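All remarks here apply to the structure that follows.
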Protein chains: 2
Amino acid sequence: MSEFDLRTFLPYLLNQAAEETSLGFSRVYKDRYGMLRTEWRVLFHLGRYGDMTAAEIGRRAKMHKTKISRAVAALEAKRFVTRREDSADRRRETLTLSAQGRRAFDDLVVVAEAHDTRLTANLSAGERAVLIDCLQRLAGFGKGVEPAIDGYKQDEYQ
Amino acid sequence: MSEFDLRTFLPYLLNQAAEETSLGFSRVYKDRYGMLRTEWRVLFHLGRYGDMTAAEIGRRAKMHKTKISRAVAALEAKRFVTRREDSADRRRETLTLSAQGRRAFDDLVVVAEAHDTRLTANLSAGERAVLIDCLQRLAGFGKGVEPAIDGYKQDEYQ
DNA sequence: TCTTGTTGGTTACAAATACAACCATTACCC
DNA sequence: GGGTAATGGTTGTATTTGTAACCAACAAGA
């Protein structure tokens, strides 16, 4: 029988840790605002990094454009987001948080920060630094926006 | 504007890292054997930890029993897994890999090991050790099987 | 033994996701 | 300018997943 152990296999371990750590937070945005994961991601991008188009969110968050399209539609229905057509390029629509959307964002940021603090409470400062650094490298952050690989278009994740 | 940054928020970062690192491997089990993530997880549990029932896999892998039920049905249809009814308790069925299932497992283990090696190639031994340790703690590993929390039954994950 | 509860497992239906196709607009280039 | 490709975004349909309900078998206590 092989030495191979699932408990040190990164894709498995990362998925388990991701699910476990996401649970508490997802319960909040779900119960409090009826949001899905895709929706809070879009909300957070707009709230934290400012107005941008759906395509730009897609590149930053590595979400497929259909997910974004539906998340934006849902956020719009909740009156959290508004669209403004770009007059220079009529394909593009810039997305903005409404006042209500910003209130939800501000509220959820507090929850997220508290949740994150709780999650890292058992880690030393050094451990946390290494963890974040490794995860960012594994996630491909800090490479700007990924170069296209294997014939994938940048835009066409998932 | 808040200081909060998605790029250090663990639930987000872990999800991104998990997706990114899972991609290469999932392509293999999908293309080569038409498996889903749930299916390779079941296959790996049986291949690595020996015969067990669906419920036991569920406890170990924190997968909901419906996911397991369907994954097992799919693996059975592919002739990778067989069931054997427990004569002492006729509710339980012990699952076993067929010879064909074991070949698939052996093949995928090699792929998984190579993939994991590639993923950690840029990490120092120390970084890797810290990473694995932190992830196992975040994932709740090593606590045996989780105590019930908040009125969740052990069995009823997700 | 009855009856109430738990466990192992499947099924049905709703919600969410992936994937491909599509439309409109803009960019490139002959 | 006109054809071809690329980009931004939406929609339709097939797969997957989540959730609840269900059935059968066992457990425990009155």
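Just so we're clear, the structure is a prediction, and the values are computed from it rather than from any experiment. Sequence lines set the chain letters: A, B, ... in the order given, protein chains first and strands last, and positions in each chain run from 1.
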Rounded off to whole Å, could you give me the [atom1]-to-[atom2] distance for the [X] and [N] pair?
| X | N | atom1 | atom2 | result |
| --- | --- | --- | --- | --- |
| Asp86(A) | dT25(C) | CG | P | 14 Å |
| Met63(A) | dC19(C) | CE | P | 16 Å |
| Ile57(B) | dG9(C) | CD1 | C1' | 13 Å |
| Arg37(A) | dG18(D) | CZ | C1' | 13 Å |
| Arg41(A) | dT17(C) | CZ | P | 10 Å |
| His64(B) | dT16(D) | NE2 | P | 18 Å |
| Met35(A) | dA15(C) | CE | P | 19 Å |
| Leu36(A) | dG18(D) | CG | P | 12 Å |

- Item | Lys NZ or Arg CZ of Arg60(A) over Tyr49(A) ring: under 6.0 Å, within 45° |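 So Arg60(A) does make the cation-pi contact.
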
Give the nucleotide from the list [options] with an atom nearest to the side chain of [X].
| X | options | value |
| --- | --- | --- |
| Ala54(A) | dG8(C), dG9(D), dT10(C) | dG9(D) |
| Thr53(A) | dA25(D), dG9(D), dT17(D) | dG9(D) |
| Arg92(A) | dG8(D), dC26(D), dT26(C) | dG8(D) |

- Message: Under a 4.0 Å threshold between the charged nitrogen and the carboxylate oxygen, would Arg103(B) count as salt-bridged to Asp107(B)?
- Response: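 Not counted as a salt bridge, because no side-chain N and carboxylate O are separated by less than 4.0 Å.
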
- Query: Can we say Asp89(A) and Arg91(A) salt-bridge, meaning some charged N sits less than 4.0 Å from an Asp/Glu carboxylate O?
  - Reply: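 Judged by the 4.0 Å cut-off on N to carboxylate O distance, Asp89(A) and Arg91(A) do form a salt bridge.
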
Look at all strands and tell whether [X] reaches a base, only sugar-phosphate, or nothing, counting heavy atoms closer than 4.0 Å.
| X | answer |
| --- | --- |
| Ala88(B) | sugar-phosphate |
| Ile68(B) | nothing |
| Arg83(B) | sugar-phosphate |
| Thr66(A) | base |

- Query: dG18(D) phosphate, OP1 or OP2: any side-chain N/O from Lys67(B) under 4.0 angstrom?
  - Reply: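 Indeed, a polar side-chain atom of Lys67(B) lies that close.
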
- Check whether any side-chain nitrogen or oxygen of Arg59(A) sits under 4.0 Å from OP1 or OP2 of dG8(D), and answer yes or no.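 Indeed, a polar side-chain atom of Arg59(A) lies that close.
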
- Query: With nearest nucleotides of DNA chain C determined for Arg90(A) and Arg70(A) from heavy-atom distances, which residue corresponds to the more 5′ nucleotide?
  - Reply: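 Result: Arg70(A).
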
- Going by the angle between their ring planes, with limits at 30° and 60°, are Phe9(A) and Phe44(B) parallel, tilted or perpendicular?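 Ring orientation of Phe9(A) relative to Phe44(B): parallel.
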
- Message: Parallel, tilted or perpendicular, judged at 30° and 60°: which one describes the rings of Phe25(A) and His115(A)?
- Response: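 Aromatic pair Phe25(A)/His115(A) classed parallel.
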
- Select from Arg91(A) and Ser69(A) the residue whose nearest nucleotide in DNA chain D is closer to the 5' end of that strand.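 Its nearest nucleotide lies further toward 5', so the answer is Arg91(A).
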
